[in-house]
Protein chains: 2
Amino acid sequence: MPTTTAAQKRARAKLEYDAFLAGCPSRQLLDRISDKWVALILAALAGDDSTGPRSLRYSELSRRLAGVSQKMLTQTLRSLERDGLVTRTVTPTVPVTVTYDVTDLGISLQRVMLGLKEWAEAHMGDVLTNREHYATRES
Amino acid sequence: MPTTTAAQKRARAKLEYDAFLAGCPSRQLLDRISDKWVALILAALAGDDSTGPRSLRYSELSRRLAGVSQKMLTQTLRSLERDGLVTRTVTPTVPVTVTYDVTDLGISLQRVMLGLKEWAEAHMGDVLTNREHYATRES
DNA sequence: CAGGATCCCGCTAGATACTG
DNA sequence: CAGTATCTAGCGGGATCCTG
């Protein structure tokens, strides 16, 4: 007896929808930049202040992003390199020197992130205010 | 013997940095929009296609976002309401009718998200290509 | 210096069942 | 219809130790 038909159809629909989501460029971008450290690394390499892009060594990045673990720093840098957003350059001095630079693609992404930053600075205050009011009202 | 001084200083620095991060508007915004369903809900309420904002009922949202669980849909809607990005309207028909609308603040956020979407559609292909090349090359 | 390899814990998404 | 409540497994991410 195919009494499971309804549940099966829902499950199938969900799979298809998930596949659709996984393939959606916007979704992929969101997944990319929502990594905790991506924005910070990009900002550091692109120049936090109004100076231009700059090379940074692994240890320099580690210092600038005081809260990051080596694991996450390495992992994030690898994924950014893989995606062509930063480049990794090994100079065989002794001990070895590794520098990271943002690519053109990375810079263009960074500009989008600046748009986010501007919205955040303009409106996050309102959001937080709403959040508090919501918390302090009953019924 | 204060041999732990170094480790303690690092731990303290990390806490401060984390606090700094937690208070950073950009970080908060990223945390907000990287929720898996926020972008979809906002897009649905703001009008996926080029039609304007529209009201949607809970069940309509549930259908449009085929992959979402009731729990996550409710939870996400609550948080968006709390932040003043959508409004929730209960009409005491029988059975009860609940509609959701995007606020002006939500619309302005949605516009920022559109910027993300454009970048994604323009450049995510490059990123994926880089990703593949990275995977298929050795050494 | 710049990582690689492991272990492990907390959180959260999801499934399921129930309700006004 | 529009949720609430509970339980659990999976995994992202940190801490720690080790290496070329």
Side-chain angles (χ1 to χ4, degrees), chain A residues 4 6-8 10-15 17-18 21-22 27 30-38 40-41 55-82 86-101, chain B residues 4 6-8 10-15 17-18 21-22 27 30-32 34-38 40-41 55-82 86-101 139:
Chain A
T4 49
Q8 282 177 346
R10 285 198 318 153
R12 187 141 175 279
K14 185 188 175 307
L15 281 183
Y17 194 78
D18 286 352
L21 266 189
R27 178 79 255 145
L30 270 172
D31 288 343
R32 196 82 211 61
I33 64 178
S34 63
D35 273 3
K36 194 171 179 184
W37 304 107
V38 166
L40 285 309
I41 292 177
S55 299
L56 286 177
R57 303 180 56 177
Y58 183 88
S59 52
E60 291 174 319
L61 279 169
S62 178
R63 249 185 313 269
R64 289 178 67 95
L65 310 168
V68 71
S69 62
Q70 302 103 310
K71 177 187 172 183
M72 289 319 294
L73 181 54
T74 301
Q75 198 174 101
T76 308
L77 284 169
R78 283 286 180 284
S79 66
L80 289 176
E81 183 197 4
R82 186 193 58 178
V86 307
T87 57
R88 176 173 180 270
T89 311
V90 180
T91 310
T93 52
V94 47
V96 61
T97 304
V98 180
T99 58
Y100 291 91
D101 294 84
Chain B
T4 50
Q8 282 177 346
R10 284 198 320 153
R12 187 141 176 280
K14 184 186 176 309
L15 281 183
Y17 195 78
D18 285 353
L21 265 189
R27 177 79 257 145
L30 270 172
D31 287 344
R32 196 85 214 50
S34 63
D35 272 4
K36 193 173 180 182
W37 303 107
V38 166
L40 285 308
I41 292 177
S55 298
L56 286 178
R57 302 180 55 177
Y58 183 88
S59 52
E60 292 174 318
L61 279 168
S62 176
R63 248 184 315 267
R64 290 177 67 95
L65 309 167
V68 72
S69 62
Q70 303 105 308
K71 178 187 171 183
M72 287 320 293
L73 180 55
T74 301
Q75 198 175 103
T76 308
L77 285 169
R78 284 286 181 283
S79 66
L80 289 176
E81 184 197 4
R82 187 193 57 177
V86 308
T87 58
R88 177 173 180 269
T89 310
V90 181
T91 311
T93 54
V94 47
V96 61
T97 306
V98 180
T99 57
Y100 292 90
D101 294 85
S139 113

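Just so it is clear: chains get the letters A, B, ... in the order the sequence lines come, proteins before strands, and each one is counted from 1.
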Measure from [atom1] on [X] to [atom2] on [N] and round the result to the nearest Å.
{"X": "D31(A)", "N": "dA13(C)", "atom1": "CG", "atom2": "P", "result": "13 Å"}
{"X": "L15(B)", "N": "dG14(D)", "atom1": "CG", "atom2": "C1'", "result": "13 Å"}
{"X": "Y17(A)", "N": "dG14(C)", "atom1": "OH", "atom2": "P", "result": "12 Å"}
{"X": "L56(A)", "N": "dC1(C)", "atom1": "CG", "atom2": "C1'", "result": "15 Å"}
{"X": "M72(B)", "N": "dG14(C)", "atom1": "CE", "atom2": "P", "result": "6 Å"}
{"X": "Q70(B)", "N": "dT16(C)", "atom1": "CD", "atom2": "C1'", "result": "9 Å"}
{"X": "L73(B)", "N": "dT4(D)", "atom1": "CG", "atom2": "P", "result": "11 Å"}
{"X": "E81(B)", "N": "dA2(D)", "atom1": "CD", "atom2": "C1'", "result": "14 Å"}

Of all heavy-atom pairs between [X] and [Y], which one has the smallest distance, and what is that distance?
{"X": "R27(B)", "Y": "D35(A)", "value": "NH2-O, 4.4 Å"}
{"X": "S79(A)", "Y": "R32(A)", "value": "OG-NH2, 2.5 Å"}
{"X": "Y100(B)", "Y": "R88(B)", "value": "OH-NE, 3.3 Å"}

Check your understanding: Toward the 5' end of DNA chain D, which comes first, G67(A) or Y58(B), by nearest nucleotide?
Key ->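 First, find each residue's nearest nucleotide; the 5'-ward one identifies Y58(B).
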
Can you tell me if the side-chain N/O atoms of [X] get under 4.0 Å from OP1 or OP2 in [N]?
{"X": "R88(A)", "N": "dA2(C)", "value": "no"}
{"X": "K36(A)", "N": "dG14(D)", "value": "yes"}
{"X": "Y100(A)", "N": "dG3(C)", "value": "yes"}
{"X": "S59(B)", "N": "dA2(D)", "value": "yes"}
{"X": "R57(B)", "N": "dC1(D)", "value": "no"}
{"X": "K71(B)", "N": "dT12(C)", "value": "no"}

Point to revise | Touch class at under 4.0 angstrom, heavy-atom based, for Q75(B) against every strand present | key: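 Result for Q75(B) = sugar-phosphate.
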
Review point. Would you say the side-chain atoms of T74(B) pair up with the backbone N or O of Q70(B), donor to acceptor, closer than 3.5 Å?
Key: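 Looks like yes, one N/O pair under 3.5 Å.
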
Check your understanding: Of T74(A) and D35(B), whose nearest nucleotide on DNA chain C comes first from the 5' end?
Key ->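 Nearer the 5' end of the strand: T74(A).
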
Review point. Want to settle it: does V96(A) or W37(B) sit nearer the 5' end of DNA chain C, counting the closest nucleotide to each?
Key: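 Between the two, 5'-proximity favours V96(A).
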
Check your understanding: What's the closest nucleotide to the V98(A) side chain, out of dT16(D), dT4(D), dA2(C)?
Key ->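 Nearest nucleotide to the side chain: dA2(C).
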
Practice item. Check step by step if side-chain hydrogen bond (donor to acceptor under 3.5 Å, both in side chains) holds for S62(B) and R57(B). Key: CA-CA 9 Å; S62(B) 176; R57(B) 302 180 55 177; over 6 Å; no

